[in-house]
Amino acid sequence: MAAEPEVAGTRAPGRGARLFTWEEVAQRSGRGERWLVIERKVYDISDFARRHPGGSRVISHYAGQDATDPFTAFHIDKALVRKYMSSLLIGELAPEQPSFEPSKNEALTHEFRALRAAVERMGLLRSSHLFFLLYLLHILLLDIAAWLTLHIFGTSLVPFLLCAVLLSVVQAQAGWLQHDFGHLSVFSTSTLNHLLHHFVIGHLKGAPASWWNHMHFQHHAKPNCFRKDPDINMHPFFFALGKVLSVELGKQKKKYMPYNHQHKYFFLIGPPALLPLYFQWYIFYFVIQRKKWVDLFWMLTFYVRLTLTYVPLLGLQGFLGLFFIVRFLESNWFVWVTQMNHIPMHIDHDRNVDWVSTQLQATCNVEQSFFNDWFSGHLNFQIEHHLFPTMPRHNYHKVAPLVRSLCARHGIAYQSKPLLAAFADIVRSLKESGQLWLDAYLHQ
């Protein structure tokens, strides 16, 4: 139904609710007015976005669109959230309007929502606290073992390197564990998840929870969507990513780097450098610039603990050497694992497709094994994790056959690879997109 020129929407007879069309909703997607739709209800998030607990950007990425599925996926206490949403409600979709935009697969969306309901009935969103307790204990024991290595065997080269390796394992595994708490997948209340998230990411790793939330939820909301997923912000200044964006960059005659060689220099500025040369320093800028003093406190407890335990054994210079070796090893581990699921996949602008298609075109799995599960923090089940971000990781393998079956019925590729093949695909995809850029740059 068309809106009056001065007031968007019309009122439903007998109940005073304003009715809107998808065209009207889609027009409110910019920096000024921002609307979104959840379960056919239209919400004005223009002012609320700045106060959104998950960050202003993640909710704004769905401005002008249906956000029912991400709303369901991200929140563990939807009844509580809906109470706060009531003040944002401005109307609903007109009766003749479909429940979501024409760009989304209706049959797939309905079937996925039925699958989501079945997953909840099966209890697959409930966690095993024992699993996560044992996981935390194994991290703490490795942390103690790293210090004991130097304390017992001295600070010669071999104990020093063994200590560095153990601490790198601690940092990588703590990274996977904070990811669980950050996604609210351990406890049934947000408060406990947030508290343990601060402890693990802040005290065990020296990083801010608010920074992780700001970055990671955007990635989950719109994975591999240019200017919406911060994980691909290295395009175009460092890398040309994806077939679509690389050709687009070439046609625009833009060249910030020799992209046709990016599969080579990736080994220099990618895995080795991300943590020690960028994240390590940017996180302090982030918390100070945004005045996240609680995060800063937790971060400082990490550095104080590390200094007090290792400087007496190694001296300041030896401690700094150990610290940056650990960050270097952790960075290689982190980048290869986190990029193997996404960089080789489809990268594009946001096309506003349905939730399942959004996640499946941007993610792939790595084959299950005890080592792969441990090494990647169960992120080898990236597809299941992206579809059900609050699901405890120990249940991914249970839902995987159901997801695979759903994909098969709708002709959606469900990719699962060996670990080393997934690593190789990162390099292969960078080489391919670099060549696509070069061809477009020279000939189109």
Considering only heavy atoms from C-beta outward, does the side chain of [X] approach that of [Y] to under 4.5 Å?
X      : Y      : answer
Asn341 : His385 : no
Asp354 : Phe100 : no
Asn365 : Asn380 : no
Ser433 : Gln262 : yes
Leu406 : Leu108 : yes

Parallel, tilted or perpendicular: which one describes the rings of [X] and [Y], with boundaries at 30° and 60°?
X      : Y      : answer
Phe279 : Phe334 : perpendicular
Phe199 : Trp298 : perpendicular
Trp147 : His151 : parallel
His220 : His216 : perpendicular

Applying side-chain contact (heavy atoms from CB on, under 4.5 Å) between Asp295 and each of Val287, Ile283, Ile201, Leu300, report the one that passes.
Val287
Salt bridge flag under 4.0 Å for residues Asp143 and Arg305
yes
So does Glu39 pair up with Lys78, basic N to acidic O under 4.0 Å?
no
With distance as the sole test, does [X] use its side chain to make a donor-acceptor pair with the main-chain N or O of [Y] at under 3.5 Å?
X      : Y      : result
Tyr43  : Arg34  : no
Asn260 : Trp437 : no
Tyr259 : Gly250 : no

For the rings on [X] and [Y], is their centre-to-centre separation under 6.0 Å?
X      : Y      : result
His61  : His219 : no
Phe181 : His198 : no
His194 : Phe187 : no
Phe266 : Trp336 : yes
Phe388 : Tyr396 : no

For Leu241 against His235, the heavy-atom pair lying closest together
N-ND1, 3.1 Å
Do you know the tightest heavy-atom contact between Asp425 and Arg428?
OD1-NE, 3.1 Å
